[in-house]
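So the structure is just underneath, and the comments pick up after that.
These figures come from a predicted structure and were not determined experimentally.
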Amino acid sequence: MTAYVWDYLPEYEQEREELLEAVDTVFSSGQLVLGPSVDGFEREFADYHGLAHCTGVDNGTNAVRLGLHAVGVGPGDEVITVSNTAAPTVVAIDGVGATPVFVDIREEDYLIDIDQVAAAITPRTKALLPVHLYGQCVDMGAINDLAERHGLAVLEDCAQAHGARHHGKLAGTMGRAAAFSFYPTKVLGAYGDGGAVVTDDEAVDASLRRLRYYGMEKTYYVVETPGYNSRLDAVQAEILRRKLTRLDTYVEGRRAVARRYEEGLGDLAEKGLLLPSVNEGNEHVYYVYVTRHPRRDEIIEALKGYGITLNISYPWPVHTMSGFAKLGYGEGSLPVTERLAKEIFSLPMYPSLPVELQEKVISAVREVVLSF
């Protein structure tokens, strides 16, 4: 039995009846675009976070893009973020005409090095875009202190942190607005693309609703300000409504897998295998279970022989990609990011991962690492 880094089929087998019922609910409703399913999910997702507003959009990239637009970021502005992230974070900054400004990450948790953020702020800086990476929150107290001091907007990238907490506060509730992805692999994943932006700011929400619908507000035929076609699909919204009721259960399932990995692999640090750390005050949701070893590539290749497929998040930092060469970040400009990109890799992680596959992964990783 092959162990994949992610697989939705076990979950689908468990939830199939309810998921198909969700599809039928939309197809039988008489309204296939926006409508009660999208309205219901937006209300329920906002309520889950204790916030006033949620605007559903078509994917996580546009959640960041429209979120930046709604908080006032545009051409000529700079947005500070990290290069150790999924490329869509940075594509979205570029998409509003702003310039991404990268700072390095911390060795111990792979999150933004806040000590470097202050030095990166210039008169053109308009927003901070902290990425709650791999399922763990950035220190938002420090981020917000900087933002307040310099008059900057804060948009949280929560694509990998549904249900994560920082000193009791949910990811997505600590900035002016927050962007979520519901790509199928996510902690709260749809069965296709989807995204949302949450906020307590009424003006931001009103802007988002115009932006996702061509810039229209009062009538279909009148554009108030140019926008996009970026609506959350009604079928995905109805599926997400059902899955949202199980979000905390999904999180606990991921934590159970993480505990088993810790118990089975925690003693291999002396052999160079470093497991995820959890910062004080954080409640990790383990979107991916990122480990680290200086002989990463050999480990991945060896595990293929055991029927185990792993993943690297992320092998190419965004600043090294040809599409962002225009930003002028040369090799060595983000040394921690660049070094860790050669060492980090992810073990299989999803809440319905069978115990026998978890044990298979643990046994195989132990055998390979101990062979060095």
Worksheet item: Are any non-hydrogen side-chain atoms of Leu340 and Ile105 less than 4.5 angstrom apart?
Response: yes
Worksheet item: How far apart are the closest heavy atoms of Val101 and Ala120, and which atoms are they?
Response: CG1-CB, 4.2 Å
Fill in: Arg255 side chain to His284 backbone, donor-acceptor under 3.5 Å
yes
Response to the item:
From the list Tyr250, Phe182, Tyr287, ring pair (Phe, Tyr, Trp, His ring centres under 6.0 Å) partner of His162 resolves to Phe182
Fill in: Test side chain to side chain donor-acceptor pair (under 3.5 Å) applied to His319 and Glu338, step by step
CA-CA 10 Å; His319 74 283; Glu338 293 168 27; 2.9 Å; yes
Practice prompt. Please answer: with hydrophobic residues joined when any side-chain heavy atoms are less than 4.5 Å apart, are Phe345 and Tyr350 in the same cluster?
Written response: yes
Worksheet item: Within the side chain of Arg366, is there an N or O that forms a donor-acceptor pair under 3.5 Å with the backbone of Gly264?
Response: yes
Worksheet entry | Heavy-atom check, side chain of Val117 versus side chain of Ile112, under 4.5 Å | yes
Worksheet item: Should the pair Tyr191 and Tyr8 be assigned to parallel (<30°), tilted (30 to 60°) or perpendicular (>60°) ring geometry?
Response: perpendicular
Worksheet item: Distance from Leu128 atom CG to Ile121 atom CD1, nearest 0.5 Å?
Response: 6.0 Å
Worksheet item: Among the clusters formed by ILVMFWY side chains lying less than 4.5 Å apart, do Leu66 and Val79 turn up in the same one?
Response: yes
Worksheet item: Take atom CD in Glu13; do more than 12 heavy atoms of anything else shown fall under 6.0 Å from it?
Response: no
Worksheet item: Is the NZ or CZ atom of Arg212 both under 6.0 Å from the centre of the six-membered ring of Tyr228 and within 45° of that ring's axis?
Response: no
Discussion item. Whether Arg260 and Glu263 form a salt bridge (side-chain N of Lys/Arg under 4.0 Å from carboxylate O of Asp/Glu) is what I want to check.
Written reply: no
Worksheet item: Say you draw a straight line from OH of Tyr289 to CG of Leu265; how long is it, rounded to the nearest 0.5 Å?
Response: 6.5 Å
Worksheet item: Quick one: do Glu108 and Arg292 make a salt bridge, cutoff under 4.0 Å?
Response: no
Worksheet item: When you measure from the side chain of Ser207 to the backbone N and O of Ala203, does any donor-acceptor pair fall under 3.5 Å?
Response: no
Worksheet item: If you look at every heavy atom in Leu334 and Ser83, which pair is closest and at what distance?
Response: CD1-CB, 3.6 Å
Worksheet item: Would you say the side-chain atoms of Glu202 and His53 include a donor-acceptor pair closer than 3.5 Å?
Response: no
Discussion item. Show the nearest heavy-atom pair for residues Leu188 and Leu240, with the distance to one decimal.
Written reply: CG-CD2, 3.9 Å
Practice prompt. Under the side chain to side chain donor-acceptor pair (under 3.5 Å) rule, what do Ser181 and Asn59 come out as? Steps first, then yes or no, please.
Written response: CA-CA 6 Å; Ser181 169; Asn59 55 62; over 6 Å; no
Worksheet entry | Validation row: Glu262, Leu275 side chains within 4.5 angstrom (heavy atoms) | yes
Worksheet item: Distance from Asp104 atom CG to Asn84 atom CG, nearest 0.5 Å?
Response: 9.0 Å
Worksheet entry | Reported OG1-to-OH distance for the pair Thr55 and Tyr213, which is rounded to 0.5 angstrom | 14.5 Å
Worksheet item: Is there side-chain contact between Arg209 and Glu42, with heavy atoms separated by less than 4.5 Å?
Response: yes
Discussion item. For Ser277 and Asp109: C-alpha separation, side-chain torsions, deciding distance, then whether side chain to side chain donor-acceptor pair (under 3.5 Å) applies.
Written reply: CA-CA 6 Å; Ser277 63; Asp109 57 17; 5.9 Å; no
Practice prompt. Verify, without hydrogens or angle tests, whether Asn279 (side chain) and Asn282 (backbone) share a donor-acceptor contact under 3.5 angstrom.
Written response: no
Worksheet item: If you look at every heavy atom in Cys137 and Leu111, which pair is closest and at what distance?
Response: O-CD1, 3.4 Å
Item to complete: Run the salt-bridge test on Glu238 and Arg242 with the 4.0 Å N-O cut-off and return the result as yes or no.
Response: yes
Item to complete: Keeping the roles fixed (side chain from Arg176, backbone from Val154), state whether a donor-acceptor pair exists under 3.5 Å.
Response: no
Fill in: Under 3.5 Å: donor-acceptor pair, side chain of Lys360, backbone of Tyr306
yes
Worksheet item: With no hydrogens and no angle check, is any side-chain donor or acceptor of Tyr261 less than 3.5 Å from a backbone partner on Pro348?
Response: yes
Practice prompt. Carefully, step by step, assess Phe27 and Leu32 under the rule side chain to side chain contact (heavy atoms under 4.5 Å, CB included).
Written response: CA-CA 7 Å; Phe27 287 179; Leu32 299 176; 4.2 Å; yes
Item to complete: Would you check if Tyr286 and Val278 make a side-chain contact, meaning some heavy-atom pair closer than 4.5 Å?
Response: yes
Item to complete: Would you sort out whether Glu252 and Arg259 count as a salt bridge (charged side-chain N to carboxylate O under 4.0 Å, His left out), showing the intermediate values?
Response: CA-CA 10 Å; Glu252 185 46 49; Arg259 286 192 295 270; 2.7 Å; yes
Worksheet item: Would you find a donor on one side and an acceptor on the other, under 3.5 Å apart, between the side chain of Thr125 and the backbone of Thr122?
Response: yes
Worksheet item: Is the backbone N or O of Leu34 less than 3.5 Å from a side-chain atom of Arg231, with the two atoms forming a donor-acceptor pair by type?
Response: no
Worksheet entry | Arg295/Glu343 salt bridge by N-O under 4.0 Å criterion | no
Discussion item. Ignoring hydrogens, what is the shortest heavy-atom contact between Val103 and Asp113? Give both atom names and the distance.
Written reply: CG2-O, 4.3 Å
Response to the item:
Test side-chain contact (heavy atoms from CB on, under 4.5 Å), reference Tyr110, set Val82, Ile344, Val336, output is Ile344
Discussion item. If you define the side chain from C-beta out and look only at heavy atoms, does anything of Leu347 sit under 4.5 Å from Leu310?
Written reply: yes
Fill in: Derivation of the side chain to side chain contact (heavy atoms under 4.5 Å, CB included) call for Thr2 and Asp7
CA-CA 10 Å; Thr2 302; Asp7 187 356; over 6 Å; no
Item to complete: Please examine the side chains of Asp157 and Leu129, heavy atoms only from C-beta on, and report whether any two atoms are closer than 4.5 Å.
Response: yes
Worksheet item: Is any NZ, NE, NH1 or NH2 atom of the basic residue among Lys126 and Glu78 found under 4.0 Å from an Asp or Glu carboxylate oxygen of the other?
Response: no
Worksheet entry | Evaluation steps, side chain to side chain contact (heavy atoms under 4.5 Å, CB included), between Lys304 and Thr309 | CA-CA 6 Å; Lys304 290 178 182 178; Thr309 302; 5.8 Å; no
Worksheet item: Looking at side-chain heavy atoms only, is the closest gap between His69 and Val73 below 4.5 Å?
Response: no
Donor-acceptor pairs under 3.5 Å, side chain of residues 142-151 to any protein atom, not counting sequence neighbours: which ones?
unit_1, atom_1, unit_2, atom_2, d
Asn144, ND2, Met140, O, 3.2
Asn144, ND2, Met174, O, 2.8

Fill in: N/O donor-acceptor pair under 3.5 Å between Ser230 side chain and Val57 backbone
no
Discussion item. Please determine whether a side-chain nitrogen of the Lys or Arg among Glu21 and Arg16 lies less than 4.0 Å from a carboxylate oxygen of the Asp or Glu.
Written reply: no
Discussion item. Would you compute the distance between atom CG of Leu357 and atom CD1 of Ile362 and round it to the nearest 0.5 angstrom?
Written reply: 11.0 Å
Worksheet item: OG/Ser352 to OH/Tyr12 distance, rounded to the nearest 0.5 angstrom?
Response: 14.0 Å
Practice prompt. Check Ala87 against Val318 and note the closest heavy-atom contact, atom names and distance.
Written response: CA-CG2, 4.0 Å
Discussion item. Please verify the inter-ring angle class for His49 with Phe180; under 30° counts as parallel, over 60° as perpendicular, anything in between as tilted.
Written reply: tilted
Fill in: Residue pairs fulfilling salt bridge (Lys or Arg N to Asp or Glu O under 4.0 Å) with at least one residue in residues 87-100, sequence neighbours excluded
Asp94-Lys326
